[in-house]
Amino acid sequence: MDARELLEICHKEHARTKPVVIRCCSAAGCLACGGVELKRALELLSSNNPEIQIETVGCMRLCGKGPLLEVSGILYQEVNIEQAAAIVSGKQTNELNICDLNHPFFSKQLPIVLENSGKINPERIESYIAVGGYRELLNVLTTMHPQEVIEQISISGLRGRGGAGYPTGLKWTTVAKMPGAQKYVICNADEGDPGAFMDRAVLESDPHRVLEGMTIAGYAVGAKDGYIYIRAEYSLAIKRLEQAINQSRQYELSGRGIFGSSFDFKIEIRIGAGAFVCGEETALIQSIQGGRGTPSPRPPYPAESGLWGHPTLINNVETLANIVPIMRQGGDWYAKIGTSKSKGTKVFALSGNVKNTGLVEVAMGTTIAQIVQEMGDGQLVKAVQTGGPSGGCVPAHLLDTPIDYESMQQLGTIIGSGGMIVIGEQASMVEMAHFYMQFCREESCGKCIPCRAGTVQLEMLLLDLLNHRSSFAQLEQIKELAYMVKEMSLCGLGQAAPNPLLSTIKYFENEYLELLPKQGESI
């Protein structure tokens, strides 16, 4: 494969495009509500019309209004089989639900990670190449030194999108400086937060973007082997990743001598059983190695001694999906987006008490209110849960807070991987805290006592509180135990498990006090 062959594939792909293209969302959300049957109906209805092309594409973002179709710049929502005939014939009827693309849900988005989602066919490498795919890998391998690649990532200010927000350039630099010929790159696709589906959507919609980003990372840090660690529940993402890896091998875009260079890079998939703790780096490594997914004390960090004792770079899906546009536009371009300390964009999975459920990609510094109330049409909002079980609740009066790593931390929560659940006014914050504690209790690996026993006790105490069997002294015990678990647990899961509880006590303590017996009442 060389530049000329990439260009030929691009020309052939454009040549096969017919005058009218009906793009059918094939992400999990739309497929679950009739997308497969709708696409079959469209193919049947258009079979005798040589001017129409029915194309499978990735997520179109408005996930709660599927099935979604796009034709000539018009996006149709909640399309059923009966309406397919009207769409194929080009007739506009009152029965068709047309999305307002001027609505803030669409107009306020800044697609960088999602720039190809809904536009290309995720099952065809040619579709990815036609929009510039693998050109940056070619440019990197033929014109840039590994250190120059790392410099661009450092200049961009990109921070890890998996939760902690660690500077990506610094992590790459650390791995690159480690001695030894054997190094690894791992893509962490073990997205386990309730309400989070950002990484799944990226892998279902644009898998080659992630593969290209991984390969560039491998070149930069001196690794020749890469693994994608993904949970078994993501069957569609796994299928498309397998297709993408096979296609990249066929086109010699992975494996040995990529683009005729001396660089070799092989990518394999490892499927996890769905343990939340395996999102933690050291537990993930244990699982890939065939062991039980339990965390290990750090240091040493994976960048120093990771997979099978070798230096290992671990980035999540969204982080790696940012690499190609940064290399294409330059680190300075990316650094101009966002805030002074939180650069670029962030993809959020918006769900809960909002009219518009789905994926939103916005510049860092966008306020929570802009996402929830303007883009999501969220009304009567009591709070917004960010960061999943490791995050916390932001009350309604603080929704004007800009989304960046430091501001969210000051509120007692985190950005996390990007789940954003909107909680309505009628919801019980104590019940919500109990739900997350129950989740953390079940997902604890059991290796350390503070998490193993502490989450069990906290869940039981919260249940007693919800059943009006607690006293004020027990409420104080809940607080003390929560801080103990936070301070004493071995890994990030245990350390962050009390966050939803502590944030709801901080902002909604009255709801906890209301569950205590009144003066003179017995427990």
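Judged by distance alone, the side chains of Glu233 and Ser235 never bring a donor and an acceptor atom under 3.5 Å apart. A donor atom on one side chain and an acceptor atom on the other are not found under 3.5 Å apart for Tyr436 and Glu459. The closest side-chain donor-acceptor pair between Glu191 and Tyr234 falls under 3.5 angstrom. In summary, the side chains of Ser296 and Thr282 do not present any donor paired with an acceptor at a separation below 3.5 Å, with no hydrogens or angles considered. If you check the side chains of Asp225 and Gln182, you find a donor sitting under 3.5 Å from an acceptor. In this model, no donor atom of one side chain and acceptor atom of the other lie less than 3.5 Å apart for Ser262 and Arg256. A donor-acceptor pair shorter than 3.5 Å can be found between the side chains of Thr345 and Glu361.
Between Leu253 and Leu137, the shortest heavy-atom distance links the atoms O-CD2, 4.1 Å. Leu359 approaches Cys59 most closely through the heavy-atom pair CD1-SG, 3.8 Å. Closest approach of Leu236 and Ser26 over heavy atoms only: CD2-O, 3.4 Å. Here the closest heavy-atom approach between residue Thr455 and residue Met437 is recorded as O-CG, 3.8 Å. The heavy-atom pair separating Gly29 from Cys33 by the smallest distance is O-SG, 3.4 Å. Residues Thr312 and His310 share a closest heavy-atom pair of OG1-O, 2.9 Å.
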Inset, instruction - Go through the steps to decide whether Val317 and Asn188 satisfy the test side chain to side chain contact (heavy atoms under 4.5 Å, CB included), and finish with yes or no. - result: CA-CA 6 Å; Val317 171; Asn188 184 351; over 6 Å; no
Legend entry - salt bridge (charged side-chain N to carboxylate O under 4.0 Å, His left out) between Glu204 and Lys239, intermediate numbers included: CA-CA 9 Å; Glu204 290 175 354; Lys239 172 192 169 186; over 6 Å; no
Legend entry - Candidate pair Ile371 and Met420, rule side chain to side chain contact (heavy atoms under 4.5 Å, CB included), full reasoning: CA-CA 9 Å; Ile371 295 176; Met420 185 174 286; 3.7 Å; yes
Inset, instruction - Tell me, with the steps shown, if His434 and Leu466 meet side chain to side chain contact (heavy atoms under 4.5 Å, CB included). - result: CA-CA 9 Å; His434 176 259; Leu466 287 167; 3.8 Å; yes
Inset, instruction - Tell me, with the steps shown, if Glu242 and Ile238 meet side chain to side chain contact (heavy atoms under 4.5 Å, CB included). - result: CA-CA 6 Å; Glu242 289 173 341; Ile238 292 170; 3.7 Å; yes
Inset, instruction - For Glu37 and Lys39, run salt bridge (charged side-chain N to carboxylate O under 4.0 Å, His left out): C-alpha distance rounded to whole Å, both residues' side-chain angles, the deciding distance at 0.1 Å, then the answer. - result: CA-CA 6 Å; Glu37 295 79 8; Lys39 184 171 182 286; over 6 Å; no
Legend entry - From CA spacing to verdict: salt bridge (charged side-chain N to carboxylate O under 4.0 Å, His left out), Arg441, Glu443: CA-CA 6 Å; Arg441 181 207 71 192; Glu443 293 293 337; over 6 Å; no
Inset, instruction - Apply the test side chain to side chain donor-acceptor pair (under 3.5 Å) to residues Tyr251 and Glu126: give CA-CA distance (whole Å), side-chain angles for both, the deciding distance (0.1 Å), then the verdict. - result: CA-CA 10 Å; Tyr251 278 91; Glu126 297 84 1; 2.7 Å; yes
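The distance from atom SG of Cys25 to atom CG of Leu69, rounded to the nearest 0.5 Å, is 9.0 Å. Met214 contributes atom CE, which lies 10.5 Å from atom OG of Ser248 (distance to the nearest 0.5 angstrom). The structure places CD1 of Ile245 at 4.0 Å from CD1 of Ile269, a figure rounded to the nearest 0.5 Å. Of the inter-residue distances, the one linking Glu281 atom CD with Tyr301 atom OH reads 10.0 Å to the nearest 0.5 angstrom. Going from atom CD1 of Ile326 over to atom CD1 of Ile153 covers 4.5 Å, rounded to the nearest 0.5 Å. Distance check, rounded to the nearest 0.5 Å: CG of Asp193 to OG of Ser417 gives 4.0 Å.
Counting heavy atoms from C-beta on, the side chains of Val360 and Gln109 come closer than 4.5 Å. Annotation: side chain of Val430 is not in contact with side chain of Thr504 (no heavy-atom distance under 4.5 Å). Put simply, the side chain of Ile285 does not reach to within 4.5 Å of the side chain of Trp308, judged on heavy atoms. Annotation: side chain of Thr56 is not in contact with side chain of Cys24 (no heavy-atom distance under 4.5 Å). Annotation: side chain of Leu490 is not in contact with side chain of Cys451 (no heavy-atom distance under 4.5 Å). The closest side-chain heavy-atom distance from Tyr334 to Pro325 is not below 4.5 Å. The closest side-chain heavy-atom distance from Leu350 to Thr357 is not below 4.5 Å. Looking at heavy atoms from C-beta onward, Leu241 lies in side-chain contact with Ile228 at the 4.5 angstrom threshold.
With a 6.0 Å radius and a threshold of 12 heavy atoms from other residues, nucleotides or ligands, Ile449 has its CD1 atom at or below the threshold. The neighbour count for Gln409 CD, taken as heavy atoms of other residues, nucleotides or ligands under 6.0 Å away, does not exceed 12. Counting non-hydrogen atoms of neighbouring residues, nucleotides and ligands closer than 6.0 angstrom, the NZ atom of Lys119 reaches no more than 12 such neighbours. The 12-atom threshold is not exceeded at CD of Glu252, counting heavy atoms of other residues, nucleotides or ligands nearer than 6.0 Å.
A donor-acceptor distance shorter than 3.5 angstrom exists from the side chain of Ser261 to the backbone of Phe263, with no hydrogens or angles considered. Remark: the backbone N or O of Ser390 is paired with a side-chain donor or acceptor of Asn499 at under 3.5 angstrom. A distance-only check finds no donor-acceptor pair linking the side chain of Thr294 to the backbone of Lys447 [under 3.5 Å]. The backbone N or O of Ala176 lies less than 3.5 Å from a partner atom in the side chain of Lys183, making a donor-acceptor pair. Proximity of a side-chain donor or acceptor of Gln286 to a complementary backbone N or O of Gly291 within less than 3.5 Å is not detected. Put simply, the side chain of Gln247 gets close to the backbone of Ile125: a donor and an acceptor are under 3.5 Å apart. Side-chain atoms of Ser503 come within 3.5 Å of backbone atoms of Pro500 as a donor-acceptor pair (strictly under, hydrogens ignored). Here the side chain of Ser407 pairs no donor or acceptor atom with the backbone of Ile403 at under 3.5 angstrom.
Shown here are the side-chain hydrogen bond (donor to acceptor under 3.5 Å, both in side chains) partners of Glu70, two or more places apart in sequence or in another chain: Arg23. Contacts of Arg209 classified as salt bridge (Lys or Arg N to Asp or Glu O under 4.0 Å), with partners at least two apart in sequence or in another chain: Glu115.
Cation-pi geometry between Lys479 and Tyr483 is not satisfied (NZ or CZ under 6.0 Å from the ring centre, within 45° of the ring normal).
Ion pairing of Glu406 with Arg159 is present here, as a side-chain N (NZ or NE/NH1/NH2) and a carboxylate O approach within less than 4.0 Å.
Under the 30°/60° scheme for interplanar angles, the aromatic rings of Tyr134 and Tyr128 are found to stand perpendicular.
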